[in-house]
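The shown structure was predicted, so the numbers you read here are calculated from the model rather than taken from an experiment. Proteins get letters first, then strands, A, B, ... in listed order; numbering begins at 1 in each. Basis for what follows: all heavy atoms, side chains included, without hydrogens, waters or symmetry-related copies.
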Protein chains: 2
Amino acid sequence: MIKHDIKSILTSHGVRPTQQRAEVYHYLLTHPVHPSADTIYKALSAKYPVFSRTTIYNSLNVLVEAGLVRIVNIRAGEQHFDANTENHGHFLCLKCDEIYDFDIMEDILSGLCPAGYQPKKCDIYFTGTCENCSEN
Amino acid sequence: MIKHDIKSILTSHGVRPTQQRAEVYHYLLTHPVHPSADTIYKALSAKYPVFSRTTIYNSLNVLVEAGLVRIVNIRAGEQHFDANTENHGHFLCLKCDEIYDFDIMEDILSGLCPAGYQPKKCDIYFTGTCENCSEN
DNA sequence: ATATGTGCAAACTGTTTGCAGCCGC
DNA sequence: GCGGCTGCAAACAGTTTGCACATAT
């Protein structure tokens, strides 16, 4: 995934492909661990000395509105971001503090939402102990 | 549900039944609309002139730890509270801003969590348009 | 040329914490 | 009397906003 590709993805989603937005999106694509805004800020500001928090938030909001990024609200008081917009669930391990993806069968998902309600998005969050941590 | 019952519920869950904790729990039981801490604060401080935010938060945290109340994180940056601790999902309507409960079949729920992972809690959040709002 | 994006600082919101006073066993 | 609870104020974290400057078409 090279820079040029990313910029054309942004463009095709109606997002002006600025350097900063491309960097934020590139970071999310190459670090699919659901980072927080602060994590992205620290990583990018280390790489590019001038990269403000404001711009991170601005870029993330633009990417979310464009449908390229989804917000993961599995931890209260701190948003995490995910460039994988396919249907999937999230599992937060309380021991290792990682957020894991897991698949959700499409037909199960559609059966969950109550009749008459029109969902725009669905978030499925589990919290507990992950596979690795429960072995120890 | 009278006060005496509530205090005995608190006691049986290892929570010292102070007046304030009972009021908070009573409010949640009688207002099953998933209020925020601020909503509870405004309601109770109107009824009882001295009722600090600190105490609301303290009481809520104690109730959550005791397993009597669950946190609903469907709206970023603001926790909502629910005295219904049975398994159920939440639907946030973007038009009327209400949070609705809906049932989840037990077997569907157990099929969602990936093998090897030990869930402690599960939150299923839908966001969209509710039954009433989509009719208009 | 003009609209849009960036970045600093400051504001804001929801929540937590420190600490003094109070209450109930 | 003592441990725990309350409540004020202040701190705190994450996020948003106001505004001046920079940038790109």
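- Legend: salt bridge (Lys or Arg N to Asp or Glu O under 4.0 Å) pairs involving residues 98-112 of chain B, not counting sequence neighbours: none detected.
- Summarising the geometry, the separation between CG on A:Asn58 and P on C:dG7 is reported as 10 Å, rounded to the nearest angstrom.
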Show each protein N/O and nucleotides 10-12 of chain D N/O combination with a separation under 3.5 Å, one pair to a line.
none

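- At C:dG7, one or more side-chain N or O atoms of A:Thr55 fall inside 4.0 Å of OP1 or OP2 (strictly under the cut-off).
- Ring planes of A:His88 and A:His90: perpendicular class, angle over 60° (limits at 30 and 60°).
- For the pair A:Leu60 and A:Ile40, the minimum side-chain heavy-atom distance is below 4.5 Å.
- Put simply, B:Leu29 and B:Phe51 are part of the same group of oily side chains (I, L, V, M, F, W, Y) that touch within less than 4.5 Å, one to the next.
- One N or O on the side chain of A:His80 and one on the backbone of A:His34 form a donor-acceptor pair closer than 3.5 Å.
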Problem - Nucleic acid footprint by protein, nucleotides 9-19 of chain C - heavy-atom cut-off 4.0 Å, B for base, S for sugar-phosphate alone - result: B----SBBB--

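- Looking only at distances, a side-chain donor or acceptor of A:Ser45 sits under 3.5 Å from a matching main-chain atom of A:Tyr41.
- With hydrogens and angles ignored, the 3.5 Å screen pairs a side-chain donor or acceptor of B:His13 with a backbone N or O of B:Ile9.
- Remark: C1' of D:dG14 and CD1 of A:Ile74 are 18 Å apart, rounded to the nearest angstrom.
- Rounded to an integer number of Å, the gap from CG of B:Leu44 to P of D:dT6 is 12 Å.
- Distance, B:Leu10 CG to D:dC5 C1': 14 Å, rounded to whole Å.
- Between the side chain of A:Tyr125 and the backbone N or O of A:Leu92, no donor-acceptor pair lies under 3.5 Å.
- Distance, A:Glu65 CD to D:dT16 P: 11 Å, rounded to whole Å.
- Listed by first and then second residue, the salt bridge (Lys or Arg N to Asp or Glu O under 4.0 Å) pairs that reach into residues 24-38 of chain B are B:Asp38-B:Lys42, B:Asp38-B:Arg53, sequence neighbours excluded.
- Members clustered with A:Leu109: A:Phe91, A:Tyr100, A:Phe102, A:Ile104, A:Met105, A:Ile108, A:Leu112, A:Tyr117, A:Ile124, A:Phe126, B:Phe91, B:Tyr100, B:Phe102, B:Ile104, B:Met105, B:Ile108, B:Leu109, B:Leu112, B:Tyr117, B:Ile124, B:Phe126, by chain and number, using a 4.5 Å side-chain heavy-atom cutoff among hydrophobic residues.
- When rounded to the nearest whole Å, the span between CD of B:Gln19 and P of C:dC25 equals 12 Å.
- Taking atom OH of residue A:Tyr41 and atom C1' of nucleotide C:dG7, one finds them 10 Å apart after rounding to whole Å.
- No continuous path of hydrophobic side-chain contacts links B:Leu68 to B:Tyr57 [ILVMFWY only; heavy atoms under 4.5 Å].
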Protein-nucleic acid N or O pairs under 3.5 Å, nucleotides 19-23 of chain D:
none

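- Regarding B:Arg21, its CZ atom lies at a distance of 11 Å from the P atom of D:dG4, rounded to whole Å.
- Candidate nucleotides D:dG7, C:dT6, D:dT6 were compared by shortest atom distance to the side chain of B:Thr18, and D:dT6 ranks first.
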